Amino acid sequence: MSFIEDSQNSAPDSVQTSKLGAARKGAEPGQNAAKRLQTELMQLMTSPAPGVSAFPSADGNLLSWRATIEGPEDTPYSGLSFKLSFEFPSNYPYAPPTVLFRTPIYHPNVDFSGRICLDILKDKWTAAYNTQTVLLSLQSLLGEPNNASPLNGEAAELWDKDPALFKTKVMDRHKDIEDD
C-alpha cells in the first residue's frame, strides 16, 4: 500500500499527528536544548574566545548560565569586567536566550535594569547563533553602540557629544559584583 492510499484511509490529520508524535518521541521539553548547551559548553572550554566566558550556574541548571565579558581595549569599558546572566528557553536554539547585564553598566543599548537592545537577541535571532556568538556580539556592542536605537538616550547623546563625561558616567556606574 502506498503512502497516499494509507493517508486516504486514515482519519483526518492522523498521518501528520503520528509524524509529529514520532518526532517528539523520547524528547522531553528542554532535552534538545540541554544537548545543544552541553555542546556549546565544550566549545567554550576547548576553544575559548579572548575576553568572554560562560558556564552553567552553580545550581546545576543547564538552562541558566553566568557569563563574563571583559571591556574591549580602546573603549570607555577597557579594563572593566561585566557579569551577565543567560536564561535559555526550553526550545533553544530556536528561540534566543534572555540575557541581562548583572554588573551595573552605563551604555546606550542597556537600560538600568540590565536589559539589552540587540537585534540578534530579538527578531534577528537564528539557531546558527550560540552563547559565544552572543558574548562576542555584546563585547563588540560595548565599543560600537547602536545610537539609533538607544535604551538609554542620555548615554547615546553623551557617546557622541562628550566622550570624557561618558567615560566618567561609565566609571561611576560600574560596580564589581559577587557571583551567586
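Since this is a predicted model, take the numbers as computed values, not measurements. For reference, positions follow the sequence shown, starting with 1.
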(request) Decide yes or no on side chain to side chain contact (heavy atoms under 4.5 Å, CB included) for Leu84 and Arg102, but give the supporting numbers first. (result) CA-CA 5 Å; Leu84 300 97; Arg102 294 175 47 235; 5.7 Å; no
When rounded to the nearest 0.5 angstrom, what is the spacing between [atom1] in [X] and [atom2] in [Y]?
X: Ser140; Y: Leu135; atom1: OG; atom2: CG; answer: 12.5 Å
X: Glu70; Y: Ser78; atom1: CD; atom2: OG; answer: 10.0 Å
X: Ile69; Y: Leu80; atom1: CD1; atom2: CG; answer: 12.0 Å
X: Arg173; Y: Ile105; atom1: CZ; atom2: CD1; answer: 9.0 Å
X: Phe101; Y: Lys83; atom1: CZ; atom2: NZ; answer: 12.5 Å
X: Leu41; Y: Thr46; atom1: CG; atom2: OG1; answer: 9.5 Å

(request) For Asp74, look at atom CG and say whether over 12 heavy atoms of other residues, nucleotides or ligands are found less than 6.0 Å away. (result)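 Counting neighbours around CG of Asp74, 12 or fewer heavy atoms of other residues, nucleotides or ligands fall under 6.0 Å, so no.
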(request) Please test Asn152 against Val110 for side chain to side chain contact (heavy atoms under 4.5 Å, CB included), starting from the C-alpha separation and ending with a verdict. (result) CA-CA 7 Å; Asn152 180 337; Val110 182; over 6 Å; no
(request) Take Val99 and Arg115 through the side chain to side chain contact (heavy atoms under 4.5 Å, CB included) test and state the conclusion after the steps. (result) CA-CA 7 Å; Val99 183; Arg115 292 180 298 232; over 6 Å; no
Within a strict 4.5 Å, meaning less than it, do heavy atoms of the [X] and [Y] side chains meet?
X: Leu63; Y: Glu87; result: no
X: Gln38; Y: Leu62; result: yes
X: Phe82; Y: Thr68; result: no
X: Leu44; Y: Ser53; result: no
X: Leu118; Y: Leu121; result: yes
X: Leu100; Y: Ile116; result: no
X: Phe88; Y: Thr131; result: yes
X: Thr75; Y: Glu144; result: no

Which pair of heavy atoms, one from [X] and one from [Y], lies closest together, and at what distance?
X: Arg66; Y: Ser85; value: NH1-CB, 3.1 Å
X: Lys167; Y: Pro76; value: NZ-O, 2.8 Å
X: Ala155; Y: Pro108; value: CB-N, 3.6 Å
X: Leu142; Y: His107; value: CA-NE2, 3.7 Å
X: Ser149; Y: Asn109; value: O-ND2, 3.1 Å
X: Ala54; Y: Ala67; value: CB-CB, 3.8 Å

Side-chain donor-acceptor contact under 3.5 Å, [X] with [Y]:
X: Tyr92; Y: Glu40; value: yes
X: Gln132; Y: Gln43; value: yes
X: Thr133; Y: Asn130; value: yes

(request) Assign the ring pair Phe112 / Tyr106 to parallel, tilted or perpendicular, where the plane angle (0 to 90°) is split at 30° and 60°. (result)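 The arrangement is tilted - the two ring planes meet at 30° to 60°.
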(request) Just say parallel, tilted or perpendicular for the rings of Trp159 and Tyr77, cut-offs at 30° and 60°. (result)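 Answer is parallel, since the angle falls under 30°.
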(message) Using modelled atom types and a 3.5 Å cut-off, is there a donor and acceptor pairing between side-chain atoms of Ser64 and backbone atoms of Ser57?
(response)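 Such a contact is absent between Ser64 side chain and Ser57 backbone.
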(request) Give a yes or no on whether the backbone of Tyr94 and the side-chain of Asn91 come within a donor-acceptor separation of less than 3.5 Å. (result)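 Here the side-chain-to-backbone pair does not exist.
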(message) Is there a continuous path of hydrophobic side-chain contacts, each under 4.5 Å between heavy atoms, that joins Phe166 to Leu151?
(response)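 Looking at the clustering, Leu151 is in a separate group from Phe166.
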(message) Would you say the ring centers of Trp65 and Phe55 fall short of 6.0 Å from each other?
(response)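 Not close enough - the centres of the two rings lie 6.0 Å or further apart.
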(request) Evaluate the criterion side chain to side chain contact (heavy atoms under 4.5 Å, CB included) for residue pair Lys169 and Glu154; output intermediate values, then yes/no. (result) CA-CA 10 Å; Lys169 291 195 174 250; Glu154 177 192 81; 3.5 Å; yes
